[in-house]
Amino acid sequence: MEKLSARINSLAPSATIAMNQKGRELKEKGADVINLSVGEPDFITPDHIREAGKKAIDGNWHHYAPVAGYPDLLKAIVDKFKRENNLDYKPSQIMVSVGAKHSLANVMMCLIDKGEEVIVPAPYWVSYAEQVKIAEGVNVFIDTTVENDFKITPQQLEDAITPKTKAMLLCSPSNPTGSVYTREELKGLAEVIARHPQVYVITDEIYEHINFVGGHESIAQFEEIRDRVVIINGVSKAYAMTGWRIGYMAGPDWLVKACGKLQGQMTSGATSIAMRAALEALNGDQSCVSEMRDAFLRRRDLILGHIAKIDGVKCATPGGAFYVFPDFSAYIGKSVDGRKIENDMDLCIYLLEVGHIATVPGSAFGAEGCVRISYANSDENLEKAMQRLKDALAALS
Ligand code: PMP
Ligand code: GLU
């Protein structure tokens, strides 16, 4: 008899990964599917980073690595925070894990106790809410809308905090909306957090470099809450290294130490070869980062131009990441050939089966009626995909 734990039974599968898989399966059957579902750069890892990976293989980096990461990689991360964010960390405040998703999971497991509340601004990245559940915490969502650029206000944050609040999550630039908080907006949130000494901030800055509105701002810059902020980041998005699986956290010593204890029992150090490549990514030539960012900006404008021409669709202009998050509610309830679109999942399945474009339903991110479209794809595919989107929507009445 199958007897899974209640923990795993309460967990929803990752919708981003599921839609990616559905797109792949249809493609394997011969359909010309354009995949705008999973969020990962379409670029390949830059040459100098690949070379560092090859050198690590030939240089015999084949043994278990230290759990927290190689000392020179920890130093490279410390230097990155100083150089790019003007933040001072010691190596003992940094830990490398198997992707930023793993860093986040470590932090959740080490910080959240059963029944403690975690504030999650919605729309949120799919894994936040599920990781809070694995840690037996309670999600407290703060809703935002396209009209306010999907950002929470200090008042909303204040109202959401209770004596049970342990942490809040922040993601800027955001997955799935692409919105980016300004320094002033973060200052407003930091002032609220400063008044509640039991609340920690987990700030996911994985899209830091895919930013079209100027410099990246971190909530960790505000001294009064600095010792209660944990930054999550990694090399997946900035350096097109999603498959290498290297992420990292920066935070208070005691929390990093606890995460090291957990990781030491669950997985050990991250892959040696991938860590050597990540070292080159952080210390090497950075021109690849701005080249990829420029390509994403061009594609954002391409896709926004098309979406603006679709009737009844509301769409914010994202300041970063590589997603648009249009509101397609006007198409929910419509039909074609006896097929009724009851919700955003139906819409995404219809777009996949009929339009052959894979996207992710907004409800997976806590925003019913929206659809996440990743534009980390070639200009040519995006043009084709937008035509298919328009045709598929126009067929609905
Ligand atoms: N946070 C956000 C907001 C993401 O979009 C992703 C990408 N899946 C991650 C974390 C995890 O990134 P990684 O590939 O480093 O695990
Ligand atoms: N960040 C990506 C996404 O949101 C990767 C998939 C995942 O890890 O969930 O689509």
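In each ligand, atom 1 is the first atom listed, and ligand 1 is the first ligand listed.
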Just jot down the ligand 1 atoms closer than 4.0 angstrom to any heavy atom of [X], in number order.
X	value
K237	5 (O), 6 (C), 7 (C), 8 (N)
Y128	3 (C)
G99	15 (O), 16 (O)
C171	3 (C)
S236	13 (P), 14 (O), 15 (O)

Can you pull out the closest protein heavy atom to [atom]? Residue, atom name and distance to 0.1 Å, please.
atom	answer
atom 8 (O) of ligand 2	K101 NZ, 2.9 Å
atom 15 (O) of ligand 1	A100 N, 2.7 Å
atom 9 (O) of ligand 2	T16 OG1, 2.7 Å
atom 8 (N) of ligand 1	W125 CZ2, 3.3 Å
atom 1 (N) of ligand 1	D204 OD2, 2.5 Å

### Task
Pick, from R372, E40, K237, the option with the minimum heavy-atom distance to atom 1 (N) of ligand 2.
K237
### Query
Taking NZ, NE, NH1 and NH2 as the nitrogens, is one of them in K187 or E184 under 4.0 Å from a carboxylate oxygen of the other?
no
### Task
Using a strict 4.0 Å threshold on nitrogen-to-oxygen distance, state whether D253 and K90 make a salt bridge.
yes
If only atom types and distance count, is the side chain of [X] paired as donor or acceptor with the main-chain N or O of [Y] below 3.5 Å?
X	Y	answer
R299	N377	yes
S174	T177	yes
E130	Y128	no

### Query
Under a heavy-atom criterion of less than 4.0 Å, does H102 contact ligand 1?
no
### Query
Strictly under 4.0 Å, does any heavy atom of G234 approach an atom of ligand 1?
no
### Query
Would you say ligand 1 has an N or O under 3.5 Å from any N or O of R245?
yes
#### Entry: Distance-minimising heavy-atom pair for M275 and G69
SD-CA, 3.7 Å
### Query
Any idea which heavy atoms bring V67 and Q263 closest together, and the distance?
O-NE2, 3.0 Å
### Message
Does only the side chain of F322 get under 4.0 Å from ligand 2, or the backbone, or both, or neither? Count heavy atoms.
### Response
neither
### Message
Heavy-atom pairs closer than 4.0 Å: do any link ligand 2 to the side chain of N175, the backbone, both, or neither?
### Response
side chain
### Task
For the residue pair F325 and F365, categorise the inter-ring angle as parallel (less than 30°), tilted (30 to 60°) or perpendicular (more than 60°).
perpendicular
Which atoms of ligand 2 are found less than 4.0 Å from any heavy atom of [X]?
X	result
G39	1 (N), 2 (C), 3 (C), 5 (C), 10 (O)
V38	5 (C), 6 (C), 10 (O)
Y323	1 (N), 2 (C), 3 (C), 4 (O)
Y207	1 (N)
S14	9 (O)

### Task
Measure centre to centre between the rings of Y323 and Y207, then say whether the value is under 6.0 Å.
yes
### Heavy-atom side-chain contact between K101 and S236 under 4.5 Å
no
### Message
Tell me the contacting part of W244 for ligand 1: side chain, backbone, both, or neither, using a 4.0 Å heavy-atom threshold, strictly below.
### Response
neither
### Query
What part of E40, side chain, backbone, both or neither, has a heavy atom within less than 4.0 angstrom of ligand 1?
neither
### From E208, E205, Q221, H216, residue fulfilling side chain to side chain donor-acceptor pair (under 3.5 Å) relative to N85
E208
### Task
Using the six-membered ring of Y70, assess whether NZ or CZ of R276 lies under 6.0 Å from its centre and within 45 degrees of the ring axis.
yes
### Query
Does NZ or CZ of R50 fall inside the cone over F43's six-membered ring, less than 6.0 Å from its centre and within 45° of the axis?
no
### Task
Please step through side-chain contact (heavy atoms from CB on, under 4.5 Å) for the pair F222 and V201, ending with a clear verdict.
CA-CA 12 Å; F222 301 105; V201 181; over 6 Å; no
